[in-house]
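Here's the structure we're looking at; comments come further down.
Chain naming here is simple, since letters A, B, ... match the order of the sequence lines and numbering starts at 1 in each.
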2 protein chains.
Amino acid sequence: MPTSFRLDPPSGVPFYRQIIDQILAAVATDALTAGDQLPTVRALAVELQVNLNTVAKAYKELEIRGVLNTRQGSGTYVSSVRVERDEVERRRQVIQLVDEFLARAAGSGLPLAEFLQEFSARMKEDPK
Amino acid sequence: MPTSFRLDPPSGVPFYRQIIDQILAAVATDALTAGDQLPTVRALAVELQVNLNTVAKAYKELEIRGVLNTRQGSGTYVSSVRVERDEVERRRQVIQLVDEFLARAAGSGLPLAEFLQEFSARMKEDPK
DNA sequence: ACTAATGATCTAATGAACTAGGACATAGGT
DNA sequence: ACCTATGTCCTAGTTCATTAGATCATTAGT
């Protein structure tokens, strides 16, 4: 159960969402695979110096999404969903895309169509 | 001062933002042009059955953006900014883009790059 | 100068999101 | 049967966005 989770308080991103993102990233990179048990809500709460319920909220949302599988009294485990890799990847890139858009849309004098074309080309060659 | 503004309470979109959007739309379509006086904050507040400050907040934000020009004691007027058309248009399209992305990203099995390419092509031919 | 109309400011009420504290319910081993 | 570890639920406090109420400051016409 390798847990190298860390929180970034001043980021403004809610703790429970940071937890969700890091778990999704771990699943996407196969650092966590189907069947793996996650830290207990209490253990992770202590490690992240956060309340038990904050961790529970993250686990709950991921269970609803089908990523995790919680068993009361036993623990929380990674589901055997297969599409997670693409899902997470797409999500991360969409967020990055939107970020850049909102940050640069005002500054660039380009019409939207050209702007999009640029973006598309850039991601096509470097879909990092 | 043609004011056919309406608010949509159940939409979840804050009143002041709906006001902002409708004014931007009016400016974009030339229903409001440079120099035109907008309804007074009190008049529009009455018309929309909303508090004076809600309208004032919308006007204030648009003044900061350079769209409007408020003169205490006199009124609020449309600025003579020339880029408004493109600005508003781009904003609307970006919002639409993001909307579609978030709505369809999960459903489409396409890699993001192809997805973007499609979008770009579509907007290029029909930049409605 | 005065006055009426206008936007600006200050304060408060409401609700939602986030986090935390404490108590409950369930699973699994002894 | 018990006991411990687990997730779940209920409640409360804090912060922030939104809206409103009331008052102040400024403009423009008389």
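Scored by the salt bridge (Lys or Arg N to Asp or Glu O under 4.0 Å) test, E61(A) finds R17(A), R65(A) as partners (sequence neighbours excluded). Residues passing the side chain to side chain contact (heavy atoms under 4.5 Å, CB included) test with A26(A), sequence neighbours excluded: A31(A), L32(A). Residues that satisfy the side chain to side chain donor-acceptor pair (under 3.5 Å) test with T70(B), not counting sequence neighbours, are E63(B). Applying the side chain to side chain contact (heavy atoms under 4.5 Å, CB included) test to N69(B) and every residue at least two apart in sequence or in another chain returns R71(B), S79(B). Judged as a side chain to side chain donor-acceptor pair (under 3.5 Å), and not counting sequence neighbours, the contacts of Q18(B) are S11(B). The side chain to side chain donor-acceptor pair (under 3.5 Å) search around Y77(A) returns S74(A), not counting sequence neighbours.
N51(A) approaches N53(A) most closely through the heavy-atom pair OD1-N, 2.7 Å. The two residues L48(A) and L7(A) make their nearest non-hydrogen contact at CB-CD1, 3.9 Å. Minimum heavy-atom separation, F5(B) to L44(B): CD1-CD1, 3.6 Å.
An end-to-end axis angle of 0° holds for the helix from dA1(C)-dT30(D) to dT30(C)-dA1(D), taken from five base pairs per end and rounded to 10°.
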What does the list of N/O pairs under 3.5 Å between the protein and nucleotides 20-24 of chain D look like, with a distance for each?
unit_1, atom_1, unit_2, atom_2, d
dA20(D), OP2, N51(B), N, 2.5
dA20(D), OP2, T54(B), OG1, 2.8
dG21(D), OP2, N51(B), ND2, 3.2
dG21(D), N7, N53(B), ND2, 3.0
dG21(D), O6, N53(B), ND2, 2.4

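At dG7(D), one or more side-chain N or O atoms of T76(A) fall inside 4.0 Å of OP1 or OP2 (strictly under the cut-off). Residue T70(A) places at least one side-chain N or O under 4.0 Å from the OP1 or OP2 atom of dT8(D).
Put simply, the side chain of L62(B) reaches to within 4.5 Å of the side chain of L24(B), judged on heavy atoms.
Counting to the nearest Å, the P atom of dA28(D) and the CD atom of Q37(B) are 11 Å from each other. Separating the CD1 atom of I20(B) from the P atom of dA17(D) is a distance of 14 Å, rounded to the nearest angstrom.
You can see that DNA chain C meets the heavy atoms of chain A within a 4.0 Å-exclusive cut from dC18(C) to dA27(C), reading 5' to 3'.
Comparing K60(A) and S74(A) along DNA chain D, the residue whose closest nucleotide (by nearest heavy atom) sits nearer the 5' end is S74(A).
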